[in-house]
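Step one of this worksheet: look at the structure below.
Owing to the predicted nature of the structure, the values given are computational and were not obtained by experimental measurement.
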Amino acid sequence: MDGVDQLAPERKKAQFDVDEMKIVWAGSRHAFQVSDRIARLVASDPAFRKDNRAMLSRKELFKNTLRKAAYAWKRIIELRLSEEEASMLRSSVDEPAFTDLHWGMFVPAIKGQGTDEQHQKWLPLAYKMEIIGCYAQTELGHGSNVQGLETTATFDPQTDEFVVHSPTLTSSKWWPGGLGKVSTHAVVYARLITDGQDHGVNGFIVQLRSLEDHSPLPGITIGDIGMKFGNGAYNTMDNGVLRFEHVRIPRNQMLMRVSQVTREGKYVQSNVPRQLLYGTMVYVRQTIVADASCALSRAVCIATRYSAVRRQFGSKNGGPETQVIDYKTQQNRLFPLLASAYAFRFVGEWLKWLYTDVTQRLQANDFSTLPEAHACTAGLKSLTTTATADGIEECRKLCGGHGYLCSSGLPELFAVYVPACTYEGDNIVLLLQVARFLMKTVSQLGSGNMPVGTTTYMGRAEQLMQCHCGVQKAEDWLNPSAILEAFEARAIRMSVACAQNLSKFTNQEEGFAELAADLVEAAVAHCQLIVVSKFIEKLQQDIPGKGVKPILEILCNIYALHLVHKHLGDFVSTGCITAKQASLANEQLRSLYSQVRPNAIALVDAFNYTDHYLGSVLGRYDGNVYPKLYEEAWKDPLNDSVVPDGYHEYIRPLLKQQLRNARL
């Protein structure tokens with residue numbers, strides 16, 4: 001019944017302190033308080049309404065996004081929000097916009113690659129949004145292969161300028177968000193050429209549009225690349241195309257922290273190590289992993305609440321039907337995704353620490369952990385975004401037919417999220433980078449070079465290659481050391497097997513190309529080990545709140561044992577576990593699902609998402625799904641009239657057998 005909390009009985013079943021879990025999810029009490037306040041501020045403001053997005057035309061949708069972005073900036077200034085609070089407000093608005101690229105890519109690129117003088121000139125303008133920037137790297141012909149970019153920036157010593165040019169059609173910048181219609185400036189990546197010599201790709205700050213009337217500057221052709229997948233979704237963003245026709249910029253607009261071009265046109269490396277640029281990459285990928293836990297948890301929240309509301313079959317003596325969430329097939333698909341959302345949250349927290357650690361080491365000229373940190377963030381970006389995109393789609397299917405409605409929130413969530421599998425590094429390409437690092441690490445095992453960080457386990461290769469899993473009964477799988485050993489043994493054995501197969505090739509690159517599929521699987525095994533180990537490490541911390549730690553232990557075990565089940569071939573074929581132990585893992589998994597069941601609604605409540613942010617009729621906090629679904633249906637523009645437009649032209653002639661006379 002409308003107005004009554006249909007999920008109240010479910011919430012009473014919780015065996016842990018939900019308020020404390022909200023703090024664990026947020027990361028700290030302060031983070032929870034800030035995010036809660038900002039989310040409610042946005043949810044209560046009608047200017048941020050988003051329930052009509054899927055019905056707007058592209059032009060209306062884009063203009064509406066511009067309005068929201070301008071209004072959000074006005075509120076940020078009025079409320080004097082901190083950088084952290086402003087970022088949370090933009091995130092709570094929940095609409096891809098040019099501001100994402102301005103704050104998330106343009107500003108960090110200048111901070112990471114610019115000199116102190118460039119910081120002083122450009123950052124104040126960017127911070128006040130007196131200029132709006134984007135990140136123009138990807139081209140029509142090249143994305144993952146950055147070294148293959150074709151745009152050129154040729155130094156002209158006569159005028160002390162660079163001439164930026166698009167020499168081919170495929171050199172057109174293609175995809176940068178914010179570029180199509182909004183950005184006034186861009187960090188443009190181009191081949192640096194001095195005196196006929198190509199020095200590789202470098203960043204340049206280029207003005208694109210007039211700050212007076214927003215028209216493109218001479219020599220610049222610019223526009224939007226067109227509609228993208230889904231209704232609403234990423235179509236709020238003006239992904240752009242950009243071509244340069246011999247556009248001149250001052251020499252000092254080359255980002256010169258790592259390398260410079262002198263007035264005479266000489267190319268020189270600065271005393272700042274090139275590795276410093278990796279710091280920005282670690283930062284960006286860390287935020288992508290955090291976004292993955294956010295997107296997956298939204299989908300899981302919707303599917304879990306709806307699964308508790310929906311009843312189907314199983315009525316006895318005229319009583320209520322069975323809640324869909326009580327079917328083991330539903331639990332087997334849903335609860336591993338719930339566990340994954342928490343697992344990704346905690347590995348994302350750890351990545352924040354890693355970024356801080358890497359930054360401090362870089363400042364002290366310590367690059368020892370950089371290759372491992374780079375491989376780790378690349379792998380986790382790939383693993384979490386792939387699992388999240390697949391997980392959102394699985395949540396849609398878990399909601400049955402109603403999940404296909406735009407009002408469920410799931411189609412748009414999927415359409416908005418799925419590009420994350422491609423941007424900032426194609427997921428398969430990234431896993432191959434991880435695999436290269438793993439092969440190098442394996443090759444150095446006998447040299448006295450001890451593996452560091454997330455590859456420390458490889459230092460115990462001899463022991464892990466020979467160990468046998470000690471699990472004898474189902475409960476033994478609840479021992480973290482048994483789980484960890486199985487995942488470590490699988491990872492090292494798959495990496496060593498790849499290294500042995502590679503050694504059979506006289507040409508290593510040929511071998512790498514031939515074994516690419518196996519190498520990708522080895523990289524996945526390594527990355528899954530990282531997520532499992534960081535979840536276990538989280539549980540070794542002091543976690544306050546009644547029942548919070550035990551339920552997190554259950555989720556950790558579900559995450560790990562579901563992966564054992566999913567990748568059974570790896571674990572058994574490498575001899576890490578026996579078929580009998582695999583069967584025991586499955587038995588334990590079923591028991592864990594039963595333990596999560598009474599806590600399921602409380603676990604998704606702990607995400608603390610407002611109904612506005614979820615944007616889903618199926619995922620409403622009060623569970624009043626059916627009245628709201630019915631209400632939403634009548635809002636569709638098709639229902640503005642009882643008799644549809646086109647009745648007299650097409651339907652009536654058809655019904656009256658008068659098609660010959662119809663104006664077709």
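- Atom CG in Asp291 sits 9.5 Å away from atom CD in Gln286 (nearest 0.5 Å).
- Side-chain N/O atoms of Lys534 and Thr454 include no donor and acceptor closer than 3.5 Å.
- Applying the salt bridge (Lys or Arg N to Asp or Glu O under 4.0 Å) criterion to Asp426, with sequence neighbours excluded, gives no partner residue.
- Without hydrogens or angle criteria, Asp100 side chain to Ala97 main chain gives a donor-acceptor distance under 3.5 Å.
- Without hydrogens or angle criteria, Thr386 side chain to Leu383 main chain gives no donor-acceptor distance under 3.5 Å.
- Nearest heavy-atom pair across Leu629 and Val617 is N-CG1, 3.6 Å.
- A side-chain donor from one of Tyr457 and His526 sits under 3.5 Å from a side-chain acceptor of the other.
- Between Arg597 atom CZ and Leu603 atom CG the span is 11.5 Å, to the nearest 0.5 Å.
- Counting heavy atoms from C-beta outward, Tyr355 and Leu351 have side chains that stay 4.5 Å or more apart.
- Counting heavy atoms from C-beta outward, Arg80 and Glu85 have side chains that stay 4.5 Å or more apart.
- The stretch residues 330-340 participates, sequence neighbours left out, in these salt bridge (charged side-chain N to carboxylate O under 4.0 Å, His left out) pairs: Arg333-Glu394.
- Across Leu398 and Ala303, no two heavy atoms sit closer than the pair CB-CB, 4.5 Å.
- One finds the CD1 atom of Ile601 at 9.0 Å from the NZ atom of Lys13 (value rounded to the nearest 0.5 Å).
- At a cut-off of 3.5 Å, with distance as the only test, no side-chain donor of Asn52 or Lys635 sits close to an acceptor on the other residue.
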Step by step, would you call Val604 with Arg305 a side-chain contact (heavy atoms from CB on, under 4.5 Å)? CA-CA 8 Å; Val604 298; Arg305 286 177 178 169; 4.2 Å; yes
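- Residues Cys576 and Arg493 have side chains in contact (heavy-atom distance under 4.5 Å, counting atoms from C-beta outward).
- Counting heavy atoms from C-beta outward, Trp350 and Val347 have side chains that approach closer than 4.5 Å.
- Taking the side chain as every heavy atom from C-beta outward, Tyr417 and Thr385 approach each other to under 4.5 Å.
- Looking at His567 and Glu521, their side chains never bring a donor and an acceptor atom within 3.5 Å of each other.
- A salt bridge between Glu412 and Arg53 is present, with a side-chain N of the basic residue lying under 4.0 Å from a carboxylate O of the acidic one.
- At distances below 3.5 Å, not a single donor-acceptor pair connects side-chain atoms of Glu632 with backbone N or O atoms of Ser407.
- Around atom NZ of Lys549, more than 12 heavy atoms belonging to other residues, nucleotides or ligands sit under 6.0 Å away.
- No side-chain N or O of Gln581 forms a donor-acceptor pair with one of Gln472 less than 3.5 Å apart.
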If you apply the rule side-chain hydrogen bond (donor to acceptor under 3.5 Å, both in side chains), what do you find for Ser307 with Gln330, and how did you get there? CA-CA 8 Å; Ser307 296; Gln330 193 82 351; 3.0 Å; yes
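- Of the possible polar contacts, one joining the Asp611 side chain to the Tyr621 backbone as a donor-acceptor pair under 3.5 Å is found.
- With hydrogens and angles ignored, the 3.5 Å screen pairs no side-chain donor or acceptor of Thr455 with any backbone N or O of Pro451.
- A donor-acceptor pair under 3.5 Å links the side-chain atoms of Lys381 to the main chain of Gly425, judged by distance alone.
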Given side-chain contact (heavy atoms from CB on, under 4.5 Å), test Leu589 with Asn586 step by step and report yes or no. CA-CA 5 Å; Leu589 206 45; Asn586 251 7; 4.2 Å; yes
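- Inter-residue side-chain proximity for Tyr342 and Lys538 is flagged as unmet; no heavy-atom pair is nearer than 4.5 Å.
- Side-chain polar atoms of Arg620 and Gln6 form no donor-acceptor pair below 3.5 angstrom.
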Test side-chain hydrogen bond (donor to acceptor under 3.5 Å, both in side chains) applied to Thr377 and Tyr283, step by step: CA-CA 9 Å; Thr377 52; Tyr283 168 76; over 6 Å; no
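- Between Cys376 and Ile530, some side-chain heavy-atom pair lies under the 4.5 Å cut-off.
- Checked against the 6.0 Å centroid threshold, Phe313 and Tyr327 do not count as a close aromatic pair.
- The distance from the NE2 atom of His562 to the CG atom of Leu337 is 7.0 Å, given to the nearest 0.5 Å.
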Determine whether Arg310 and Tyr626 satisfy the following criterion, side-chain hydrogen bond (donor to acceptor under 3.5 Å, both in side chains), listing intermediate values before the conclusion. CA-CA 10 Å; Arg310 183 74 167 177; Tyr626 298 126; 3.0 Å; yes
Verify side-chain contact (heavy atoms from CB on, under 4.5 Å) between Met281 and Glu424, making sure each step is shown before the conclusion. CA-CA 9 Å; Met281 198 181 290; Glu424 286 309 300; 5.5 Å; no
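- The backbone N or O of Gln33 sits nowhere less than 3.5 Å from a side-chain atom of Asp36 that would complete a donor-acceptor pair.
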Apply the test salt bridge (charged side-chain N to carboxylate O under 4.0 Å, His left out) to residues Asp17 and Lys22: give CA-CA distance (whole Å), side-chain angles for both, the deciding distance (0.1 Å), then the verdict. CA-CA 9 Å; Asp17 185 330; Lys22 287 178 180 178; over 6 Å; no
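- Aromatic rings of Phe32 and Trp25 (six-membered ring for Trp) have centroids beyond the 6.0 Å cut-off, not under it.
- Here the two rings, on Phe344 and Phe535, have centers that are 6.0 Å apart or farther.
- A donor-acceptor pair under 3.5 Å is formed between the side chain of Lys50 and the backbone N or O of Tyr613.
- Between Tyr306 and Ser408, the side chains place no donor N or O within less than 3.5 Å of an acceptor N or O (distance only, hydrogens not considered).
- Contact between Thr236 and Pro96 at its shortest, heavy atoms only, is OG1-O, 2.6 Å.
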Show your reasoning for whether side-chain contact (heavy atoms from CB on, under 4.5 Å) applies to Asp51 and Arg49. CA-CA 6 Å; Asp51 58 335; Arg49 177 192 170 191; 2.4 Å; yes
Step-by-step salt bridge (charged side-chain N to carboxylate O under 4.0 Å, His left out) determination, Arg29 to Glu20: CA-CA 9 Å; Arg29 192 172 296 276; Glu20 286 295 332; 3.5 Å; yes
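- Between the side chains of Ser87 and Glu83, no donor N or O sits under 3.5 Å from an acceptor N or O.
- Under a 3.5 Å cut-off, the side chain of Asp5 and the backbone N or O of Leu7 do form a donor-acceptor pair.
- The main-chain N or O of Gln463 is never found under 3.5 Å from a side-chain atom of Gln466 such that the two would form a donor-acceptor pair.
- Counted by atom type alone, Glu372 and Thr369 present zero donor-acceptor pairs between their side chains at under 3.5 Å.
- A ring-centre distance under 6.0 Å is found for Phe48 and Tyr71.
- By the 4.5 Å heavy-atom criterion applied to side chains, Trp103 and Arg90 are counted as neighbours.
- Summarising the geometry, atom CG belonging to Asp45 is positioned 12.0 Å from atom OG belonging to Ser92; distances are rounded to the nearest 0.5 Å.
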Would Gln595 and Gln15 satisfy side-chain hydrogen bond (donor to acceptor under 3.5 Å, both in side chains), going step by step from the backbone distance to the final call? CA-CA 10 Å; Gln595 293 170 57; Gln15 297 159 334; over 6 Å; no
